[in-house]
Trainee: 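The structure that follows is given in the form of structure tokens.
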Amino acid sequence: MDKKSVSRLQACCAVAGCVVLFGAVAVLASAAFSKPSPADLTITRDDTRPSAGGWVVDIVVANHGDLAAAAVDIEGQFGDERSGVSLDYVPGRGEKKVSLVFSGAQKPEPRLRVLGWSEP
Amino acid sequence: MNSLQDIGKAEDGAYIRDLGRAFGGALLFSLPLLMTMEMWALGFAAEPVRRLLFLLAALPVLFGLAHYAGFSARRGLVNNALDTLVALAVGFITATALLLMFNVLDGSSPASAVGQVSLQAVPAALGALAARRQLSGDPNEGEEDQASYPGELFLMLAGALYFALNLAPTEEMRLIAYLTTPLGALGVLAVSVILLHLIVFEAGFAGQEEAETPLRAFLDFTLPGYALCLLSSLAMLWVFGGADGHGVQSLAANTIILAFPASVGAAAARLLV
């Protein structure tokens, strides 16, 4: 085999490499050179279901900003009972699902709020 | 005509075998990173400009590695460039497949997903290019013996990256740096330099034939090699956000701690890449 020759298969694989490289550079460059909006978190209640320990409230935390939020603390309050949960990260333009647990007999409709977060 | 077709088929067969080895090398090197939680988060949490620079800065390193190691036996500028691109394709495919399989790929935005994959694809491509050296069963594979002095230093840099990349994103590196006293950090620095020198001298780097004295090897290889380890460690810390918000002393401790595995990798470059 000539060590300097280029086969068609090799060229095809290199074209695939070129496509993924330039695709990745394009996506990252457009993210790098646009001014990112800060993290902006909202909470929506997804489902409330009974469990052995009372009630589980499934919620969705959505980040409408471009930057990721880290160490996100979320609190729910229903009557006198408070429940909380922490998330390591919510990616920019992404969402995460979490659950809060309430021990009362009545089906809860908690007031939900984000306590705070930090930069990653 | 038939014999030409046979030669073409044989070459394609050999290239497919090389590709298989490249996937093996990519998996071997990148699996620890693909299964590291910090790397998943860094894919979308690290600043986009750093993720972009990491990918772009990796290109000359991958090209150099394609020249000195590479996953196919083909050589020359064009083949090295093609090997680099194919290694990146192998890296992207390996990283995407495994992140999807582990269900940790964040698809909330293209920048998140591409950031996660590209961060993992670079070390996987590094592994793909070192595959022939590591997986061929022939320890004489590769062009290291013909490496010039700058080539030897480049191989030390590649070895440092190859070894330290697996540790750079982990929280443990920061914790060790925080727990280390200034005297302890100096001790780590001294051990790094001594180990680097001992392994380099024992491994018999090219050029050492003319510079046989330990002092000459120390000046020619150990000192510049350790400087490369420090610089590459600092660069890795910056990419992974480990340098942010640190004072000079704390940053120095972080760099010295990461330069310890980097110097072991640099010293063992001949065995690794």
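To find a chain, count down the sequence lines: A is the first, B the second, and so on, and within it residues start at 1. Keep in mind that what you see is a predicted model, and the values were worked out from it rather than measured.
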Trainee: Could you list which of residues 85-93 of chain A have a heavy atom closer than 4.5 Å to any heavy atom of chain B, in residue-number order?
Mentor: A:Y89, A:P91, A:G92, A:R93
Trainee: Considering only heavy atoms, which portion of B:L53 lies under 4.5 Å from any heavy atom of chain A: side chain, backbone, both, or neither?
Mentor: neither
Trainee: Is there a side-chain contact between B:L234 and B:L251, using heavy atoms and a 4.5 Å cut-off?
Mentor: yes
Trainee: Between B:L27 and B:L98, does the side-chain contact (heavy atoms from CB on, under 4.5 Å) criterion hold? Intermediate values first, please.
Mentor: CA-CA 9 Å; B:L27 200 61; B:L98 278 137; 3.3 Å; yes
Trainee: Return the CG to CD1 distance between A:L112 and A:I74, rounded to the nearest 0.5 Å.
Mentor: 9.0 Å
Trainee: Contact part of B:L56 toward chain A, heavy-atom cut-off under 4.5 Å: side chain, backbone, both or neither?
Mentor: side chain
Trainee: Pick one of side chain, backbone, both or neither for B:L55, based on which atoms fall under 4.5 Å of a heavy atom in chain A.
Mentor: side chain
Trainee: Is it true that a side-chain atom of B:R51 and a backbone atom of B:A46 form a donor plus acceptor pair closer than 3.5 Å?
Mentor: yes
Trainee: Can you check whether B:F63 reaches B:L77 side chain to side chain, under 4.5 Å on heavy atoms?
Mentor: yes
Trainee: Can a side-chain donor-acceptor contact be found between B:Q120 and B:S30 if the only test is distance below 3.5 angstrom?
Mentor: no
Trainee: I need the B:L100 CG to B:L105 CG distance, nearest 0.5 Å.
Mentor: 5.0 Å
Trainee: Hey, are the side chains of B:L82 and B:V78 touching, using non-hydrogen atoms and a 4.5 Å cut-off?
Mentor: yes
Trainee: Name the region of B:F92, side chain, backbone, both or neither, that has any atom closer than 4.5 Å to a heavy atom of chain A.
Mentor: side chain
Trainee: Below 4.5 Å, heavy atoms only, C-beta onward: do B:L258 and B:F240 meet side chain to side chain?
Mentor: no
Trainee: Are any of the side-chain heavy atoms of B:M236 and B:L165 separated by less than 4.5 Å?
Mentor: yes
Trainee: Is any side-chain heavy atom of B:T36 less than 4.5 Å from a side-chain heavy atom of B:N166?
Mentor: no
Trainee: B:W40 versus B:D106: any side-chain heavy-atom pair under 4.5 Å?
Mentor: no
Trainee: According to the interplanar angle, ranging from 0 to 90°, do the rings of B:Y178 and B:H246 count as parallel (below 30°), tilted (30 to 60°) or perpendicular (above 60°)?
Mentor: parallel
Trainee: Are A:V20 and B:V117 close enough that some pair of their side-chain heavy atoms sits under 4.5 Å apart?
Mentor: no
Trainee: For chain B, find its close neighbours in residues 55-73 of chain A: heavy-atom separation under 4.5 Å, sorted by number, or none.
Mentor: A:A68
Trainee: Quick check on B:L19 against chain A: is it the side chain, the backbone, both or neither that has a heavy atom closer than 4.5 Å?
Mentor: side chain
Trainee: Among residues 38-48 of chain A, which ones touch chain B with a heavy-atom distance under 4.5 Å?
Mentor: none
Trainee: Only distances under 3.5 Å count here; give the side-chain donor-acceptor pairs of residues 26-35 of chain A to other protein atoms, sequence neighbours excluded, each with its distance to 0.1 Å.
Mentor:
| residue | atom | partner | partner atom | Å |
| --- | --- | --- | --- | --- |
| A:S30 | OG | A:V27 | O | 3.0 |
| A:S34 | OG | A:S30 | O | 3.0 |
| A:S34 | OG | A:A31 | O | 3.4 |

